[in-house]
Every structure is written in structure tokens, then in C-alpha cells.
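To start, the structure under review is shown below, and the notes come after it.
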Amino acid sequence: MRRPGKKIALQLTPLLDLLLIVIFAQYMEVRQQESSTLEAAQEAVESREEAVTRLATLEEMHELAAGELARAQQEAVELSSRNAQLREDAMRAEQALEQVRAQQRVVGELLTELFAIPPEDVQKILDPSREPPIAQSPEERQRLRERFREMAEQDSGEMIMHLLSYEEIRKRCDVWELHVDDHNVATLDTGARTFRFRVVPEEFEAHVFGLYKSLPQPKGLVIILYTYDRDTRVSITETIGRDLQRLVGRMREDSGNRTRFEYADLGIRPE
């Protein structure tokens with residue numbers, strides 16, 4: 001009976017070894033799967049964090065774009081409003097321009113007609129026996145006859161400009177003619193000298209004051225006649241008009257109030 005029991009014990013040992021090998025193999029497989037699972041989980045966490053970061057960046061970019069869009073829309077509304085105001089201002093300026101041109105034409109035509117004096121009336125006016133005589137010598141009378149003839153032949157625009165610089169005015173004061181063309185080039189004619197320079201709005205007052213300082217002592221009264229072309233920019237003409245208000249006072253103070261400076265804005269020069 002003892003021999004059979006011993007035989008059975010010897011046969012179970014290989015089975016136990018096999019079982020241990022199987023268990024160890026399963027353990028290793030589980031460890032490998034666990035490691036792979038941990039790596040996959042780590043990658044998933046990193047991907048999620050990256051996605052969250054990208055989402056935050058996109059949301060920030062969206063907010064910035066929305067702000068820029070709102071500002072652009074507001075600027076578009078303001079620009080549209082300014083354009084409408086500019087169109088309205090341009091219409092009013094054009095209407096005012098037409099009125100000024102019409103007034104100048106009428107005044108010029110009336111003045112031309114006024115000086116178209118018949119020859120017999122001119123002879124009476126220049127009669128040397130007249131008391132007091134207008135012209136003392138034959139030369140003066142001839143000069144006045146020529147002046148009447150020239151005035152009668154001038155067109156309306158020339159008549160206006162001629163009267164503005166009439167010789168009798170110049171006997172009592174200095175007349176400076178300041179004209180700005182449509183290329184922003186100013187011409188200052190003081191009678192003795194003529195200056196041409198490009199208008200720089202922020203430098204205009206100082207530049208003209210410097211030109212004044214280079215001139216000899218003027219008469220007791222200086223009148224600056226300011227004109228400009230019809231296509232000269234309104235911003236330029238208005239700036240010069242404001243500068244002239246300060247400039248005449250500045251020159252008056254510089255002269256020790258010995259010379260009075262005045263200016264007249266005559267508007268658009270007749271063509």
C-alpha cells in the first residue's frame with residue numbers, strides 16, 4: 001500500500017511548477033497592460049490639458065476679435081456721420097461761393113458801367129477852370145483821362161481788384177496784397193517787394209512776421225488785402241484768416257504802435 005502513495009506525490013510536482021509559471025506569466029501580462037494603461041491615461045491627460053489651453057486661447061482671440069469688430073462698427077458709424085456732415089458743409093460752402101461770385105459779378109458790372117463816363121462829362125470834370133481844379137497840369141488831366149478810359153474798358157473782376165488798390169489809398173497808407181492760390185502757394189506784394197512761399201499752416205504767422213521784419217519802416221497805416229483762389233482749401237483759408245487777426249496785433253506792438261495794421265478778407269479773387 002505504501003508504494004502507490006509515493007508514486008502519486010512524485011507526479012504532482014511538475015504540475016505545481018507549471019501552475020506557478022502560468023501565474024507568473026499572467027502577472028507579467030497584467031503589469032504590462034497596467035503600464036500601457038497608465039501611459040495612455042497620461043497621454044489623455046496631457047491631450048486634455050492642451051485642448052483646454054487651446055480652447056482658452058481661442059476664446060481670448062474670439063473676445064479680441066469681437067472687440068475689434070465692435071470698434072470697427074462704431075468707427076464706421078462715426079465715419080458715415082462725418083461724411084454726411086462734410087457733404088452738408090460742402091453744399092453750404094458751394095452755395096456761399098456761388099452767392100459771392102454772383103455778388104462780385106454784379107458789383108463789378110455796376111462799377112464798370114459807373115466809370116463808362118461820356119467824354120463830354122470827363123471834359124467837364126477835368127476843366128482847368130473848375131474850382132477847385134481836380135488836375136493842376138495838362139499831364140495830370142491826360143493821366144486821369146487815361147485812367148477813366150482804362151476803368152471803362154476793364155471787366156468786372158479787374159475793376160474790383162483795381163479799386164481795392166486805388167492810387168489815392170496808397171498815398172495815405174501801405175497796401176499789402178496777400179493771395180493764396182489753389183496749390184497753397186502764397187504771394188505777398190508789399191509794393192516795394194514781392195514774396196512767394198508755400199503755406200505751412202502752423203508756420204504761417206511766424207513766417208509773415210519774419211518777412212515784415214525784413215521790410216523798411218512802413219507808413220502809419222498798413223492794410224493787408226487777403227484773397228484766395230476759388231479752389232483753395234477751406235482749412236487753409238480759415239487758418240490764415242485766424243492767423244491774420246493775431247498777426248496785425250503783433251506787428252502793431254512791434255512797431256511801438258507807430259503803425260496801425262489792419263487786414264480785410266476779400267474772399268475769392270475774381271477771375
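Residues take their numbers from the sequence shown, with the count starting at 1. Every value quoted in this text rests on a predicted model; they were computed, and no experiment measured them.
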Can you tell me if Arg252 has over 12 outside heavy atoms packed within less than 6.0 Å of its CZ? yes
Arg196, His179, Glu177 screened by side chain to side chain donor-acceptor pair (under 3.5 Å) with Thr187, the one that passes: Arg196
Chi angles and distances behind the ring pair (Phe, Tyr, Trp, His ring centres under 6.0 Å) call for Tyr263, Phe261: CA-CA 7 Å; Tyr263 84 97; Phe261 291 86; over 10 Å; no
Could you measure the distance from the CZ atom of Phe209 to the CE atom of Met251? Nearest 0.5 Å is fine. 8.0 Å
To the nearest 0.5 Å, tell me how far Leu244 CG sits from Asp265 CG. 8.0 Å
On a heavy-atom basis, which atom in Val185 and which in Arg198 lie closest, and how many Å separate them? CG2-NH2, 3.8 Å
Looking only at non-hydrogen atoms, find the nearest pair between Leu221 and Thr259 and report the distance. N-CG2, 4.2 Å
Strictly distance-based, threshold 3.5 Å: is any side-chain N or O of [X] a donor or acceptor partner for the main-chain N or O of [Y]?
X      : Y      : value
Ser214 : Leu211 : yes
Asn83  : Leu79  : yes
Asp174 : Pro218 : no
Asp189 : Gly191 : yes
Thr53  : Glu49  : yes
Asp229 : Thr232 : no

Would Ile21 and Ile23 satisfy side chain to side chain contact (heavy atoms under 4.5 Å, CB included), going step by step from the backbone distance to the final call? CA-CA 5 Å; Ile21 292 173; Ile23 291 173; over 6 Å; no
Can a salt bridge be assigned to the pair Arg230 and Asp182 using a cut-off of 4.0 Å between side-chain N and carboxylate O? no
Partner set under ring pair (Phe, Tyr, Trp, His ring centres under 6.0 Å) for Phe195, not counting sequence neighbours: none
Apply salt bridge (Lys or Arg N to Asp or Glu O under 4.0 Å) to the pair Arg48 and Glu50, showing each step before the final yes or no. CA-CA 5 Å; Arg48 180 180 178 279; Glu50 183 179 354; over 6 Å; no
Between Asp254 and Lys213, is any pair of side-chain heavy atoms under 4.5 Å apart? yes
Within-4.5 Å side-chain heavy-atom neighbours: Val222 and Trp176: yes
Walk me through it: do Arg258 and Gln217 pass the test side chain to side chain contact (heavy atoms under 4.5 Å, CB included)? CA-CA 10 Å; Arg258 293 189 301 273; Gln217 178 67 34; 4.2 Å; yes
Thr227 and Leu178: side chain to side chain contact (heavy atoms under 4.5 Å, CB included), yes or no, with the steps? CA-CA 6 Å; Thr227 60; Leu178 173 64; over 6 Å; no
Side chain to side chain donor-acceptor pair (under 3.5 Å) pairs, two or more places apart, involving residues 55-75: Glu68-Arg71, Gln74-Glu78
Listing, residues 234-241 side-chain donor-acceptor contacts under 3.5 Å, not counting sequence neighbours, or none:
| unit_1 | atom_1 | unit_2 | atom_2 | d |
| --- | --- | --- | --- | --- |
| Ser235 | OG | Arg233 | NH2 | 3.4 |
| Thr237 | OG1 | Val234 | O | 2.9 |
| Thr239 | OG1 | Ser235 | O | 2.7 |
| Thr239 | OG1 | Arg242 | NH2 | 3.4 |

Step by step, work out the side chain to side chain contact (heavy atoms under 4.5 Å, CB included) result for Tyr212 and Leu247. CA-CA 10 Å; Tyr212 147 76; Leu247 185 61; over 6 Å; no
